[in-house]
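Please read the structure below before turning to the comments.
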Amino acid sequence: MLLHIHQLLSPSEVAEARQQLVDAPWQAGRRTAGPQAAQVKRNAQLPESSATAQSLRQLVLRGLENSAQFFSAALPKHISPPMFNRYAGDANTYGNHVDAAVRFLPDGKGRVRTDVSCTVFLSDPTSYDGGELVVEDTFGTQRIKLDAGDAVLYPGTSIHRVEPVTRGERLASFFWIQSMVRSDEQRRLLYDMDQHLMRLRTHLGETDPAIVGLTGTYHNLLRMWADV
Ligand code: NI
């Protein structure tokens, strides 16, 4: 499932993030890529231990906590610490690759299976050319370039790339989610059901017997499929 989340970060949060990234200690992104991805990865990244990364990470995590849509779609069990990247100048692209199936967290703090990938766009799309996230989905090739503060969730299993940025700079946050529900297909069913239920509640109210029954069915499916 490929999902667009509007305004995961507010305009003021985006402004704060961009402000902090102006003088950030960027490093070559290749440093954290495996041997195959390193061949095609030409961008810059914030070192995970930098003060800027640590402070901005909290900002992104707060946005995730406040997003019911994110929870409904990702059903997160573990979230890898959000990282930050920059595409500009000569370091402006990341060719086709697959993300490693497991992220090892710094300082031996565990592992995250990368069921879902997330990118939060931080630059105004009119301020740069190129830089589309291109995801080879089961429904074909998707080209994604969102408003600053918007996020996209896409399956960790997909082959994807970031097109060369030919003008301006593209700043983003990226991270992975290990879901309580491992299967993309099951997560999609639960998400759809949850969204339809929310719409029905606005028409019928919380206590309509059919709403209560279907809410039970949602939770029973989640109970059957969730690994907590
Ligand atoms: Ni990737």
Side-chain angles (χ1 to χ4, degrees), residues 1-5 8-9 17 21 24 26-48 50 53 56-57 60-61 63-64 70 73-74 76-106 110-123 125 128 130-146 148 150-166 169-179 182 184 187:
M1 171 169 67
L2 208 129
L3 184 78
H4 177 177
I5 299 178
L8 184 82
L9 300 180
L21 289 172
W26 297 105
Q27 288 184 341
R30 194 177 288 125
R31 294 163 67 111
T32 59
Q36 193 181 49
Q39 303 286 316
V40 292
K41 188 175 186 181
R42 283 213 317 277
N43 66 0
Q45 255 172 226
L46 267 192
E48 292 176 58
S50 69
L56 289 183
R57 197 173 288 153
V60 173
L61 289 173
L64 297 178
F70 170 76
K77 179 175 180 181
H78 301 301
I79 300 174
S80 71
M83 295 168 70
F84 299 86
N85 60 17
R86 176 177 188 263
Y87 292 82
D90 290 334
N92 63 14
T93 187
Y94 193 170
N96 270 340
H97 66 280
V98 286
D99 296 337
V102 178
R103 295 282 309 174
F104 292 84
L105 303 184
R111 289 161 292 191
V112 175
R113 191 183 60 228
T114 58
D115 297 326
V116 182
S117 301
C118 182
T119 297
V120 184
F121 289 74
L122 296 174
S123 297
Y128 64 97
E132 294 86 357
L133 170 66
V134 181
V135 179
E136 314 273 356
D137 191 34
T138 40
F139 297 108
T141 301
Q142 314 285 328
R143 300 176 67 81
I144 303 146
K145 184 170 179 174
L146 303 179
D150 287 10
V152 63
L153 298 181
Y154 58 101
T157 50
S158 65
I159 292 178
H160 55 276
R161 66 178 179 273
V162 175
E163 299 282 43
V165 170
T166 55
E169 69 169 3
R170 173 200 194 268
L171 300 172
S173 177
F174 64 101
F175 50 92
W176 293 270
I177 299 108
Q178 178 172 334
S179 179
R182 184 176 192 161
D184 190 56
R187 267 198 317 276

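Counting starts at 1 for both ligands and their atoms, in listed order.
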Residue pair L21 / R86, side-chain heavy-atom distance below 4.5 Å | no
Could you name all protein N, O or S atoms found under 2.8 Å from the Ni ion (ligand 1)?
-> H97 NE2, D99 OD1, H160 NE2
Sub-4.5 Å side-chain heavy-atom contact between I144 and L2 = yes
Under the criterion side chain to side chain contact (heavy atoms under 4.5 Å, CB included), which of L64, V112, T119 is the partner of F175?
-> L64
Compare every heavy atom of R182 with every heavy atom of R187, then report the nearest pair and how far apart it is.
-> NH1-O, 3.2 Å
Among D99, D184, V135, which one satisfies side chain to side chain contact (heavy atoms under 4.5 Å, CB included) with S158?
-> V135
Does D115 reach the side chain of I177, with side-chain heavy atoms less than 4.5 Å apart?
-> no
